[in-house]
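Heads up: the structure comes next, in structure tokens.
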Protein chains: 2
Amino acid sequence: MGVQNESFLSKRLESVCARLRAHGHRVTPQRLAIMEFVFSSAQHPTAQQIYEALQARFPTMSLATVYKTLHLLEELEEVAVLGVEAEGARYDGAQPVPHAHLVCERCGAVVDAHEPAQQQDCLALVKKRGWLLRHWRLELLGLCPSCQSAPAQGQEPSTRADVAHAGGDQPY
Amino acid sequence: MGVQNESFLSKRLESVCARLRAHGHRVTPQRLAIMEFVFSSAQHPTAQQIYEALQARFPTMSLATVYKTLHLLEELEEVAVLGVEAEGARYDGAQPVPHAHLVCERCGAVVDAHEPAQQQDCLALVKKRGWLLRHWRLELLGLCPSCQSAPAQGQEPSTRADVAHAGGDQPY
DNA sequence: CTACCTGCAAACAGTTTGCAATTGG
DNA sequence: CCAATTGCAAACTGTTTGCAGGTAG
């Protein structure tokens, strides 16, 4: 979260707002807040988490608005929906570039992993099958390094998966 | 769907029944039917579809029983749960080997794709991050060859379609 | 002004759970 | 026999929708 990212974020926001308007959609304070949160979050939040995070600023905002906004952004391909685990879909506000996700089954951390080699292989696979690729996602579920060294908890690792310590920030 | 698969299926059934008993579970007609259906289906059926398919043979069987049985099989790692599409989770009764699924966003077709090269890369990626892999899924969303050549339908191809997961198991 | 948007509540779909009756081993 | 299982219905959870009042452009 440096000055670098700040300007990155505002540029992105500006661009998406323009796209919204261009598509006949309005830019409301709620939408702006949701976009800001999702675009700048490295943690792939759920709709519920976005909602809760913005409660302070928008006490009257409803979950429905969060969902509606996320769908809008999804349509514009400005966010991607991660696989639906038991607890609900998670939204990736990163640039819409296909990439793998490392998901910790214990703490719920989600780490992005842009691996060129990985992408190459997927493309080869798809081409071979004559598939017309539109989206893709790879999720690797397991335990992150810190959860591995942590003493096993009473419950099974995968039982709850609450986001305790979020995924690291390093690109990789 | 040849004689080959027939014997393959019965061997698998026998083995899983043995495992069920070994774990203190019972082998009921309902469970047997569900297993038979899931293990022999190449189409990654949803719980609902399994339920409907067995209605003829077991008119009184409830959806809850289907779910309970699927959970049991999941526990024993005899089926993998594919991602939750809008319409519900899909179950993969194939051997629990991680593999990619090609999902058609228009017709919903799900094609398995066991590609060694793909697996190699995933492992490399995981090792590099120090992740302890427990499951993984690769989702390639797009249009299958036949849907590409078919005339575009009234609705957008991407209207609803979303997730498709491949659940893997072995702890590499 | 006038679509478009918000927030609320009610509707939904898939999945899970509690429990009495049933049944496999 | 008796614990495990079934089937039913009701509860739950995440998501979607309808609509009246509010608001961006």
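Order of the sequence lines fixes the chain letters, A, B, ..., with proteins taken first and strands second; residue numbering starts at 1 for each chain. Keep in mind that this is a model prediction, so the values were computed, not measured.
When each of A/Val27 and B/Val27 is assigned the nucleotide of DNA chain C with its nearest heavy atom, A/Val27 is the one assigned upstream, toward the 5' end. Comparing A/Lys68 and B/Lys68, the nucleotide of DNA chain C nearest to each residue sits closer to the 5' end for A/Lys68. Between B/Thr60 and B/Gly24, the residue anchored nearer the 5' end of DNA chain D, judged by the nucleotide with its closest heavy atom, is B/Gly24.
Side-chain N/O atoms of A/Arg31 include one lying less than 4.0 angstrom from OP1 or OP2 on C/dT6. Put simply, A/Ser62 has no side-chain N or O that comes within less than 4.0 Å of OP1 or OP2 on C/dT6. The phosphate of C/dG7 has OP1 or OP2 within less than 4.0 Å of a side-chain N or O from A/Thr65. In this structure, B/Arg26 does not reach the D/dT6 phosphate: none of its side-chain N or O atoms is under 4.0 Å from OP1 or OP2. Put simply, A/Thr28 has no side-chain N or O that comes within less than 4.0 Å of OP1 or OP2 on D/dA24. An OP1 or OP2 oxygen of D/dT5 is reached within less than 4.0 angstrom by a side-chain nitrogen or oxygen of B/His25.
Spacing between atom NE2 of A/His71 and atom C1' of D/dG14 amounts to 11 Å, rounded to whole angstrom units. Between the CG atom of B/Leu20 and the P atom of D/dT6 there is a distance of 10 Å, rounded to whole Å. The interatomic distance linking B/Gln49 (CD) with C/dG14 (P) rounds to 11 Å, in whole Å. Across the protein-nucleic acid pair, B/Glu75 atom CD and C/dT16 atom P stand 12 Å apart, rounded to whole Å. The CD1 atom of B/Ile34 sits 12 Å away from the C1' atom of D/dG7 (whole-angstrom rounding). What separates CG of A/Leu32 from P of D/dG25 is a distance of 10 Å, to the nearest Å. Nucleotide C/dT6 holds its P atom 14 Å from the CZ atom of A/Arg57, rounded to whole Å. Atom CD in B/Glu52 sits about 14 Å away from atom P in C/dA13, given to the nearest Å.
A/Ser10 OG to A/Phe39 CZ: the interatomic distance, rounded to the nearest 0.5 Å, is 12.5 Å.
Paired with A/Thr69 under the rule side-chain contact (heavy atoms from CB on, under 4.5 Å), one option of A/Arg31, A/Glu74, A/Met61 passes, and it is A/Arg31. Exactly one of B/Gln49, B/Gln55, B/Gln48 qualifies for a side chain to side chain donor-acceptor pair (under 3.5 Å) with B/Glu52. That residue is B/Gln48.
Within the 4.0 angstrom heavy-atom criterion, only backbone atoms of the sugar-phosphate kind lie near B/Gln30; the bases stay farther away.
For the pair A/Arg19 (side chain) and A/Leu76 (backbone), a donor-acceptor distance under 3.5 Å is present.
Inter-residue side-chain proximity for B/Leu20 and B/Met35 is flagged as met; some heavy-atom pair is nearer than 4.5 Å.
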